[in-house]
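Heads up: the structure comes next, in structure tokens.
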Amino acid sequence: MPNWLQDVTLMYLTVLATLVVILVASYQVDPAASPSRGGSTPTSTSTPVQLPYHMPLDPRGHLQLSWNISYPLQELYLEVRCSEMKHGLVLGMSDRGELTNADLVVLWDDGHQSFFGDAWSDSQGHVSLDSQQDYQLMDTRQTPEGFSLLFKRPFSTCDPRDYIIEEGTVHLIYGVLDQPIRSLQQLNLSQIETGVQRALLLRPDTPSPSLPRDVQTLEVRTPDITIPTQETTYWCHIFQLPPNMPKNHIVMYESVVTPGNEAIVHHMEVFECSPEMSTVPQYSGSCDSKMKPASLNYCRHVLAAWAMGAKSFYYPADAGLPLGGPASSRFLRLEVHYHNPLLISGRKDNSGVRLYHTPSLRRYDAGIMELGLVYTPVMAIPPREQNFHLTGFCTSKCTQTALPPGGINIFASQLHTHLAGRGVRTVLVRGGREVKVVQEDKHFSTHYQVTPLVCVCPQQGDVLLTKCTYNTEDRSQPTVGGFGIMEEMCVNYVHYYPRTQLELCKSNVDPGYLQKYFSFINRFQGGDVCSCGQTSVTDQFSSLSWDSFSGEVLNSLYNTAPISMACNQSSAKLFPVSIVQDSRVQV
């Protein structure tokens, strides 16, 4: 490029940046006084923006986030409230909560004036003002409770530095500024106090049905425990239903969080134990403890799931989830995830889930069906993989046999993996074509599992595919499928009606073809061909020398080999369909 053209380009960028700073500076805020708004077209606060969704951002609860969604305008309205404002704050979004390459909105001051602007961070965490300002300041306010900042942003801005806000988990990053900064370019996110929170920002705008007059409540809560002084705890507690409880329908549930613990209780789930279990040990303790009875692994039929920021969950007006009666278990397992990064000690908690149920049964029983992969070590992820995909099939033969002639209505969906999971996608395939996405989360985290509402109607002969993406770059050994947190799962718990006998529609690769893979790789690597009757699948995976070739061959095997199909009734008996399905659906 000629020198004169470089000079002109540099001059243009300098002028552009100066104009952006002038534009941002027009929205001046003085955190120490009653704030006023500047700018030519600020939004009036005479009509307050309704913000129905709320969640704490930091473990202390000093930062609170509220928001609302406008689908007609494709805009998101956000308010950050800070109980102790100093010299500014940062809110941003990134792929998995990284401080680098993040889309940011920043409020800062230089000791004299305050500024608001759309910004971004580079690969080193250095912050720069964005040349395209897509966050619009709407209001600032100082109250006895603290300082609040209200702004909005489109879902998609066509700015390559901006995060696309879409359905699924959003990893939010936040930070506070303790000192003034002369210019935004001096800010590096690695040098300030920051944190990560996860949220489901986009939610369907559906009205809540009314509850019946004879509705009753049942609270499944922890027994006033002391939250462990560690960052992450999964607490399991067994709850027993009242004796001889007749069949009811669950029509709604909501969280019950101990006051003061709103920033620590991260998510909760209620599971029903297997009806075949006549008794379950009265355990209350860490889900990861060696003292946890192994029989609790059979308490995994999801009844309710809540995560921070979620509102009450309502069932459709003509369906309810059975609770009690001879066909249900008397035992429930509550699982609470505590996130305590500040290592707060001595904090008591008796949080849980409140179930609203009615003896007046609705027209349909609702059911919960498991889609995805069978919990088996034959499905594994090689070590040091950035993006490794596994797909579970609910085949056409299973749906043809097990679904009613009119099909079913899926109204909610809960995705699930363990720590290596990065994304999950379930789709409906009809006639060899993908016709509907049941649910997709491109930024999935096992630490934030919610149950959003969906609307999908599978018919007899349809196929449901659940594809999971994993990252094992930090692991030196293969990760096999199983129940342990360091093992993996690929599941979608779909809520539907009318309830059928089909409770599990999942698959895994045919084990015989996996043994052919082990034999081939062992011969290729110059090792002994294993004696498969004497060595477990997990040990066979661990004995391999893992490189790109062994990983690629395993990936090819999973994508092409025949599968074993688990088309299970609620009694754990198989439906009469072919166990091995030779054909695969290509979409």
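Only a predicted model underlies this, so the values are computations on that prediction, with no experimental measurement involved. As a basis for the values below, the full set of heavy atoms in this structure was taken, side chains included, without hydrogen atoms, waters or symmetry mates.
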Under 3.5 Å, which donor-acceptor pairs do the side chains of residues 162-170 form with other protein atoms, sequence neighbours left out?
{"residue": "Asp162", "atom": "OD2", "partner": "Thr157", "partner atom": "OG1", "Å": "2.8"}
{"residue": "Tyr163", "atom": "OH", "partner": "His443", "partner atom": "NE2", "Å": "3.2"}
{"residue": "Thr169", "atom": "OG1", "partner": "Asp441", "partner atom": "OD2", "Å": "2.6"}

Can you see whether [X] engages [Y] through a side-chain donor-acceptor pair at a distance of less than 3.5 angstrom?
X	Y	result
Gln132	Asp134	yes
Glu98	Thr100	no
Asn188	Ser190	yes

Pairing residues for [X] by the side-chain contact (heavy atoms from CB on, under 4.5 Å) criterion, not counting sequence neighbours:
X	answer
Gln64	Pro56, Arg81
Thr229	Leu343, Ser345
Ala102	Ser94, Leu104, Ser121, Ile173
Ser255	Val257, Met268, Trp306

### Query
Got a sec, which residues hit ring-ring contact (aromatic ring centres under 6.0 Å, His included) with His416, two or more places apart in sequence or on another chain?
His418
### Query
Looking at the rings of His447 and His337, which for Trp means the six-membered one, are their centres under 6.0 Å apart?
yes
#### Entry: Aromatic contact, Tyr253 with Tyr314 (centres under 6.0 Å)
no
Below 4.0 angstrom, N of the basic side chain to O of the carboxylate: do [X] and [Y] qualify?
X	Y	result
Arg425	Glu434	yes
Glu473	Arg384	no
Arg333	Glu335	yes
Arg347	Asp349	no

### Task
Check whether NZ of the Lys or CZ of the Arg Arg153 lies under 6.0 Å from the centre of the six-membered ring of Tyr135 and within 45 degrees of that ring's axis.
yes
#### Entry: Geometric cation-pi criterion Lys86 and Phe147, 6.0 Å radius, 45° cone
no
### Query
Quick one: does Leu465's side chain get under 4.5 Å of Thr426's, heavy atoms only?
no
